[in-house]
Amino acid sequence: MDLSNLNKMQRQAVETTDGPLLVLAGAGSGKTRVLTHRIAYLIEEKDIFPSNILAITFTNKAAEEMKKRVARLIGQGAFGMWMGTFHSICLRILRRHAEVINYKSDFTIYDVADQNTVVKNSMKQLEIDTKRLNPKHVRNVISMAKNEKIGPERFEEIHGGNFKFEQYIRIYHLYQKTLKNNNAMDFDDLINKTIEILQLDEEVLKKYQKKFKYILIDEYQDTNFVQYLLAALLSGGHHNLCAVGDGDQSIYKFRGADIRNIYEFEKDFSEAKIIKLEQNYRSTQTILDAANHVISRNQGRKPKNLWTANGKGDQINYYAAYTEKDEANYVLNKIEQYKEKSYDEFAILYRTNAQSRNFEEVFMKNNIPYQIIGGLKFYERMEIKDVMAYLKLIQNPVDDIAFERIVNVPKRGIGKRSVEKLSDYAEDRGISLYEALLEIEKVGALSSRAKNAFSEFREIIRSIRKKLDHLNVLDVFDMVIEKSGYLDDLRLKGDVQSTTRIENVGELKSVVTEFIKSKENEEESEGDLSTFLAETTLQAGIDTLADDEPGVLMMTLHSAKGLEFPNVFLVGMEENLFPSFMSSGTDEDLEEERRLCYVGITRAEKRLFLSHSNSRSLYGKTNRNAPSRFLDEIPDELINIDSKSIDSVSSKSALKTSKDGSFKAGMKVKHKSFGSGTIIENNDGILTIAFDGQGIKKLMADVAPIEVVS
DNA sequence: ATATTAGTTTTTTTT
DNA sequence: AAACTAATAT
């Protein structure tokens with residue numbers, strides 16, 4: 001095993017194979033390189049079977065990438081090695097041992113939207129007003145409890161008698177019961193239930209402890225309590241647990257991640273060794289200096305000394321935009337200025353998904369290829385959720401959430417009232433909606449007309465389910481489309497939106513086709529419907545990144561974790577936006593925002609561009625935000641101030657005057673009451689003008705009292 | 001049962 | 001500004 005291209009610390013991290021090991025890996029310090037070499041080293045030098053290794057990554061994409069790199073190192077695939085996210089690893093265990101906790105192994109996974117529906121339905125049943133108590137908030141309370149391994153009973157023990165919590169307790173109980181009845185698990189259950197299996201069944205625990213002789217966990221700073229618990233359980237016999245992470249990059253507190261996991265690793269695992277990787281290979285000295293200065297403001301951190309042998313490189317560019325459009329144009333101009341080979345050398349990182357729109361518009365207008373990661377994900381679109389609900393119901397007929405979603409989609413004359421009647425019938429008998437549907441004739445409350453409509457729906461599902469054993473996923477998909485009449489209905493509507501939806505359903509079909517192709521060489525059970533449904537539900541935004549379609553990448557700072565790009569734009573560096581107004585409450589929240597900023601800065605290899613906009617619209621209102629405090633935390637000498645280059649506005653798309661060609665961006669003008677200012681944009685005769693000391697106004701060119709000064 | 005309208009609510013980040 | 005919800009009309 002050739003370790004000559006590793007530095008001393010990296011090599012130590014590879015060779016310290018036994019016992020608990022924490023690798024504190026600063027940004028860009030070659031962490032993935034260490035992990036892949038470590039796995040290769042275990043296999044080649046220590047003669048460990050790949051099947052005895054478990055490696056947990058943060059995204060499926062990272063797992064795929066790492067598998068490839070290990071294969072390259074050892075000259076063949078590491079067959080039998082378990083590598084994936086906590087959720088996908090747990091899923092594999094759950095499918096095998098679901099019976100231990102009285103679940104059927106073909107359970108459905110509920111995503112956040114499904115969870116919200118369950119919470120809402122539960123609240124309705126309990127007659128709790130969803131106006132007075134936000135279901136999304138309740139979902140979060142439940143999820144946070146689960147992250148701490150607190151089930152409904154324990155939750156009641158802790159909070160019982162507390163008036164404020166009475167409702168949470170009742171909802172949580174019903175929520176969990178509903179999931180069980182629907183043979184479904186939410187994201188948190190995947191981990192919790194796996195732990196339950198291991199705790200309940202000594203033999204299963206022993207089996208996996210014996211199997212996973214070496215365990216590696218990446219991004220350890222973003223694990224939560226139950227994930228820590230799982231790691232501790234699995235490594236219980238041998239303690240060969242290698243955790244890799246960086247406390248300064250912990251950015252998932254809102255999801256239950258606990259930064260203490262990494263800070264207290266030594267306490268949790270006795271005789272743990274700690275290795276620090278402090279040499280950065282990614283960024284220029286300038287970029288690293290900026291990052292170090294920003295993160296040093298955090299009080300609750302363990303100091304470290306991240307350094308690089310790279311040269312100083314370019315200064316960091318800073319631009320104060322007038323408007324969001326101006327900011328987008330600035331980015332566009334810089335991309336054209338610095339582009340070498342391909343557009344994927346650039347990434348635009350922002351705090352919130354909504355910010356992608358302005359950039360998208362500018363790129364579209366100028367024919368620049370781009371990819372947006374995350375946002376409204378493919379699988380969250382209405383039509384995709386509809387078709388998936390058909391598949392889910394066929395796979396798991398007791399899934400009432402899926403049932404209710406599609407019972408009248410496309411419209412077949414089954415109204416709300418009829419579903420309620422069916423639901424009452426089912427509830428009285430303690431059966432699922434589908435089971436009630438099977439005996440629809442016996443549901444007295446329904447009119448014969450409603451019964452007919454219901455039995456039409458029943459035949460769609462039943463006929464496909466009957467043949468399920470002989471069909472592959474693609475066949476099922478085709479039958480769903482055909483029998484449900486879903487596409488026919490969309491075609492009939494014929495509007496633009498329906499056309500897009502038809503295209504999306506078509507794209508889902510190619511996803512199915514791809515899925516079948518990718519599982520050709522696997523065991524039969526790996527390519528079945530329940531695997532397809534689970535894999536798509538557990539997909540991260542970044543997992544959909546297409547490497548073969550080079551374009552400017554746009555994503556949130558969260559999605560950018562673990563990635564690197566030659567040129568990075570950190571946009572929307574404004575107070576209230578970044579740091580977010582939601583997190584300006586406590587120091588702890590603010591420190592997490594600062595870590596997010598640190599993550600953003602350290603994604604950049606060569607150049608970093610920081611920008612903010614004087615005006616920004618949110619909620620249909622235009623706001624003015626001060627520049628982000630994080631900008632002040634970067635030393636001035638590292639920064640080059642890009643002039644408020646009016647050129648950047650005028651050179652491209654912004655200035656195509658049609659109504660009044662006499663007003664151009666950059667012109668100094670005078671207004672009767674607002675005084676002097678500069679034209680930012682002339683959009684079909686609507687002028688955007690930055691008035692000195694008066695802010696930005698929009699005025700009509702042909703009626704406003706404006707005169708050109710120069 | 002469904003289409004239309006008016007009123008309301010929302011965006012922080014995600015497996 | 002867009003998307004969701006509830007009330008009202010067809």
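This structure is a prediction, so every number in the text was calculated from the model and none was measured.
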- Closest contact, heavy atoms only, A/Thr57 versus A/Ala62: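 Of all heavy-atom pairs spanning A/Thr57 and A/Ala62, the closest is CB-CB, 4.0 Å.
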- 5′-ward residue of the pair A/Leu538/A/Thr352 relative to DNA chain B: A/Thr352
- Assign each of A/Gln539 and A/Ala354 to its nearest nucleotide of DNA chain B by heavy atoms, then name whichever residue's nucleotide is nearer the 5' end. A/Ala354
Rounded interatomic separation in angstrom, taking [atom1] from [X] and [atom2] from [N]:
{"X": "A/Arg417", "N": "B/dT2", "atom1": "CZ", "atom2": "P", "answer": "15 Å"}
{"X": "A/Gln355", "N": "B/dT13", "atom1": "CD", "atom2": "P", "answer": "9 Å"}
{"X": "A/Leu349", "N": "B/dT14", "atom1": "CG", "atom2": "P", "answer": "12 Å"}
{"X": "A/Leu590", "N": "B/dT13", "atom1": "CG", "atom2": "C1'", "answer": "15 Å"}
{"X": "A/Leu422", "N": "B/dA1", "atom1": "CG", "atom2": "P", "answer": "13 Å"}
{"X": "A/Lys621", "N": "B/dT9", "atom1": "NZ", "atom2": "C1'", "answer": "13 Å"}
{"X": "A/Ile251", "N": "B/dT15", "atom1": "CD1", "atom2": "C1'", "answer": "13 Å"}
{"X": "A/His137", "N": "B/dT11", "atom1": "NE2", "atom2": "C1'", "answer": "17 Å"}

Compute whether any side-chain donor of one residue and acceptor of the other, for [X] and [Y], lie under 3.5 angstrom apart.
{"X": "A/His97", "Y": "A/Tyr208", "answer": "yes"}
{"X": "A/Asp106", "Y": "A/Asn396", "answer": "no"}
{"X": "A/Ser613", "Y": "A/Glu324", "answer": "no"}
{"X": "A/Gln221", "Y": "A/Asp246", "answer": "no"}

Give a yes/no answer on whether the side chain of [X] brings an N or O atom under 4.0 Å of OP1 or OP2 in [N].
{"X": "A/Asn353", "N": "B/dT11", "value": "no"}
{"X": "A/Lys131", "N": "C/dT5", "value": "no"}
{"X": "A/Ser580", "N": "B/dT11", "value": "no"}
{"X": "A/Thr556", "N": "B/dT14", "value": "yes"}
{"X": "A/Asn408", "N": "B/dT2", "value": "yes"}
{"X": "A/Lys120", "N": "C/dT5", "value": "yes"}
{"X": "A/Ser88", "N": "B/dT15", "value": "no"}

Just compare [options] and give me whichever is closest to any side-chain atom of [X].
{"X": "A/Lys136", "options": "B/dT15, B/dT2, B/dT11", "answer": "B/dT11"}
{"X": "A/His558", "options": "B/dT14, B/dA3, B/dT10", "answer": "B/dT14"}
{"X": "A/Phe254", "options": "B/dT14, B/dA1, B/dA3", "answer": "B/dT14"}
{"X": "A/Leu618", "options": "B/dA1, B/dT11, B/dT14", "answer": "B/dT11"}
{"X": "A/Arg255", "options": "B/dT14, B/dT10, B/dT11", "answer": "B/dT14"}
{"X": "A/Phe187", "options": "B/dT14, B/dT15, B/dT11", "answer": "B/dT15"}
{"X": "A/Arg357", "options": "B/dT9, C/dA1, B/dT11", "answer": "C/dA1"}
{"X": "A/His87", "options": "B/dT15, B/dT14, B/dT11", "answer": "B/dT15"}

Sugar-phosphate, base or nothing in reach of [X], heavy atoms under 4.0 Å:
{"X": "A/Thr537", "result": "nothing"}
{"X": "A/Ser418", "result": "sugar-phosphate"}
{"X": "A/Tyr252", "result": "sugar-phosphate"}
{"X": "A/Ile414", "result": "sugar-phosphate"}
{"X": "A/Phe581", "result": "sugar-phosphate"}

- Item | Span that lies between the P atom of B/dT11 and that of C/dA6, in whole angstrom |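 Here C/dA6 and B/dT11 have their P atoms 16 Å from each other.
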- Would you check, one step at a time, whether the test ring-ring contact (aromatic ring centres under 6.0 Å, His included) holds for A/Phe630 with A/Phe578? CA-CA 8 Å; A/Phe630 301 142; A/Phe578 187 34; 5.3 Å; yes
- Query: Taking the six-membered ring where the residue is Trp, are the ring centres of A/Phe403 and A/Phe457 under 6.0 Å apart?
  - Reply: yes
